[in-house]
Each structure stands twice: as structure tokens, then as C-alpha cells.
Amino acid sequence: MFEKILDEFSTPFYLYHEETIIAKSKLLKNLNLNFSHKFHFAVKANPNLAILNLLHRQDFGAEVVSAGELFKSLKAGIEPSQIIFDGPGKTEFDLKYAITQQIKSINVENLEELNFINEYSLSKGLKTSIGLRLNPNIDADTLEKITTGKSGGKFGISEDQINFDKILEMNGLQLSTLSVHIGSQIVDHQKLIQSYEYLILLADQLNKKNHSIINLDFGGGFGVIDNSDETLDFDQWKKELEKLLKNKKYHIIFEPGRFIVADSGELLTKVLYIKKSGNRTIIITDASFSEYIRPALYDIKPPIQTLNNSNELKSYDVAGGICESTDYLAKNINLPEVKVGDYLKFTNVGAYGSSMSSTYNSRPRPLEVLMGKNEYRVIRSRDTLEDLCKNEIM
Ligand code: LLP
């Protein structure tokens, strides 16, 4: 089937394997955690409607960070009561939409948000369920550019800035959730456990003071590392987490994104040119950082496979066609000898691949294909040239 897909669609395009997504969902489900919990897919990892709908059918809720993600999640069939709204810069438009949809929780991380949610809810005769996203000042021991739990960063709010008594007097809202999310690609389970422990302690203290915290949102961050088998030790993670929650009655929310979809996705691209420059041999592909920006943004090294039969390894840089010197997908990698017209396959790109793509250099955003056991189908068509002009007026 793969050859047929390669024949049928022109590169660059994303290909997702449905079975892998289902297997990853099952892996989490089969942990059989012994406390009340729900997995909410972090939509930003891959907001394609077909993927959201597939995860909805696997019993996932959603974690969203914009009106757009909320709209798409609802469209994919996810109930408002299964949606969490996060984000450090929610607009009034985002908040009004989330409030009127009566979603499970709007996780607040700016003091001004509290007043707005309270007043707008009262004006609509509503009581909005909110959470507070705390900044626990924990270093997740991951890449500096994707760490989010340290003091001094823009995420969350530190406990000492919150007037918890005042929140009790706000009749337009109900504080029912506390949340943390300390970063992405985390493989040290102790870091996650540390952040959970912090949240449980705070919730216990607040509940002794007339608050009714019923949900603890432990965020996402389960690591899938590029070019490495290193993973989170789920056995240890489960053991320590169950110990922390023994005799507690909280409902636990998890928000995994990367873990669910990263290794389900591939980016297929063709070699357009091969050029020598100084002592380097540079492969120029028809994919660029417009289609996959993570290597340029975070310096990660995506796993790359060639689809030819060559055995002779050569050292290459792989670049896209964007007029920017940072437009490299890999540097200094050894690949079986590549010729013009060969295909390259970037793997591990199901998360934050297509979702972070752009139309920079007015390149149409790529096609996306979902492949099942016996069939495949297009789940996003490639932008047309007209699409690139859609909202512009001459
Ligand atoms: N919950 C919250 C509040 C988040 O901010 C995020 C990710 C997640 C859950 C999901 O995290 P995950 O399980 O996917 O690690 N674009 C970067 C990652 C930034 C993610 C931002 N927030 C990347 O390509 O690695």
C-alpha cells in the first residue's frame, strides 16, 4: 500500500499510521491506573479533524489553547464537558467562546483572566468551572526551548500571587481544578512526579480552607525522543503516582500530545538537487522548514530514512528550498548514497509537524494521508494556489 501512496501523491506530504495512534492510546489505557482519570489529547500536537475524531473514538477528551482548537475539537465530536482550555494569552474572544460552551475547565494563568471570566459569566447567568495553572518552579530536564515549569518563564502563575479567599467570593466561577505542565519530551519520571506532588499538596491545603478542588490536571510531556529509544519509565511513574494518590479522591487529568501521535507520522519528500559546497554535500529536498520547523527551531535531529537500496554511507546536510540559511532539516548525517529523484522519509513527525507548518515563501501547506490496516485516505488536501490568496484583497 505504501508504494501505491507514494505513486499517487506528489511530495511533500504527511503520512500517518492509524494503527500506531491506536496502539499508543491503548498503551496508556492499559496502564490500568487505579484512580479516577481521563486523557485529554493536546490538540496542538496534531489538530487534523480525522485525528481528533479518531482519538475521540478512543475515548480521549481534548486540551485546547485557542478558539480555533476548541472549534475543531467540538467539530470532531468531543463534548464540551471533555475539553480543557489552557494557554498564557487567551483573548477575550477565546474566553467568551469557552465560557458559553461551558467546557470542563478554563485553566487560568493570569490574574486579570479571573475578573474577566467572573464578570462575563455573571452577565450571561453562568457559573464557569475554572482551574489555576501553577508555576511550580521545576526544571523538567528537557530541551531549554520546551521547558515550561520554571520561575521566570511566562507559563503558569506562582502560588504567592493568588488571593484564594477572593476567588471564593466570585460567584461567576467555581475553582475546581489545579494544573501544572512543566514541559515536553520528558523522560525523567521523577520530574513529573515532583510536579504532581506539589499540586496534590496545594489542593489538600486549599480544600482544608473551604475550597472544592476536585480535579488535578497533571499536563502532558511524556517523552518521545528523536533518534533515541529513551522513554519514560511508565512502570515506575505509575507506581509512584499511585502511591501519591492513595487515599485521595481527586479526578486526574492528563494532557499528552506528542506521546500519542509523534511516531505515527512520516514526512515524505523528494530529493530535488544535490550540490557540493566547500567540503559539504547538500541534499536539497522539496520539504523545508515551512513543512517541518522543529529541526530549525529546536535543533532536534529527526530520524531520516532513504528508500533506495544503496549500502554505501555518505555524509550529507539536508536542506529545504526556503531562502533562509536556517532552513536545514539535518546536518552532518550519514545516509546511504542518495541520488536526485530519490525519496527521503522523516519519521517521528506526527506531533508538531504539520501543526507547526506554515505557508512561508508562499508554499502551499502539505497534503496529509491517514493509512489504516486495509485502506488509506486523504485527511487534508494540499493548499491550492488560490488558497494562498484567500483572505487577501487586491
Ligand atoms: N498541556 C499543556 C498545557 C501544554 O502546553 C502542552 C504543550 C501539552 C499539554 C502537551 O505536551 P506534549 O505531551 O505534547 O509534550 N512544539 C514543541 C512542544 C511545545 C508544546 C507546548 N505545550 C515541540 O515540537 O516539541
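Numbering of ligands and ligand atoms starts at 1, following listing order. Just so you know, these numbers come straight off a predicted model, no measurement behind them.
- Each of the atoms 13 (O) of ligand 1 lies under 4.0 Å from some heavy atom of P256.
- Scanning the protein heavy atoms around atom 16 (N) of ligand 1, the nearest turns out to be Y298 OH, 2.9 Å.
- Here R258 has heavy atoms under 4.0 Å from ligand 1 in both its backbone and its side chain.
- With hydrophobic clusters built from ILVMFWY side chains whose heavy atoms lie under 4.5 angstrom apart, I214 does not share a cluster with I200.
- Remark: ligand 1 atoms within the under-4.0 Å shell around heavy atoms of D86 are 3 (C).
- Heavy-atom proximity to R294, at under 4.0 Å, picks out these atoms of ligand 1: 23 (C), 24 (O), 25 (O).
- In terms of protein heavy-atom proximity, atom 8 (C) of ligand 1 is nearest to H181 CE1, 3.4 Å.
- Just one residue in the list I260, V43, N46 forms a side-chain contact (heavy atoms from CB on, under 4.5 Å) with I51, and that residue is N46.
- Checking only distances, G257 does come within under 3.5 Å of ligand 1, N or O to N or O.
- Listed by number with element, the atoms of ligand 1 under 4.0 angstrom from any heavy atom of E255 are 1 (N), 2 (C), 3 (C), 8 (C), 9 (C), 10 (C), 13 (O).
- Both the sub-6.0 Å distance and the 45° axial angle are satisfied by K345 relative to the ring of F2.
- At least one heavy atom of G221 sits under 4.0 Å from some atom of ligand 1.
- In terms of N/O distances under 3.5 Å, ligand 1 is not approached by F259.
- Using a 3.5 Å distance cut-off with no hydrogens or angles, the side chains of S288 and D327 do not pair a donor with an acceptor.
- The main-chain N or O of R365 is never found under 3.5 Å from a side-chain atom of R382 such that the two would form a donor-acceptor pair.
- Ring centroid separation for the pair W237 and F218 does not come in under the 6.0 Å cut-off.
- Cation-pi geometry between K238 and F234 is not satisfied (NZ or CZ under 6.0 Å from the ring centre, within 45° of the ring normal).
- Annotation for N311: atom CG does not count as buried by contact number, only 12 or fewer foreign heavy atoms lying within 6.0 Å.
- Close approach to K44 involves these atoms of ligand 1, each under 4.0 Å from a residue heavy atom: 2 (C), 4 (C), 5 (O), 6 (C), 7 (C), 8 (C), 21 (C), 22 (N).
- When only non-hydrogen protein atoms are considered, atom 19 (C) of ligand 1 lies nearest to S184 OG, 4.0 Å.
- Residue G220 has at least one heavy-atom neighbour below 4.0 Å for each of these atoms of ligand 1: 9 (C), 13 (O).
- Between the T20 side chain and the S264 main chain, no donor and acceptor come within less than 3.5 Å of each other.
- Short contacts between ligand 1 and R133, defined as distances under 4.0 Å to a heavy atom of the residue, involve ligand atoms 3 (C).
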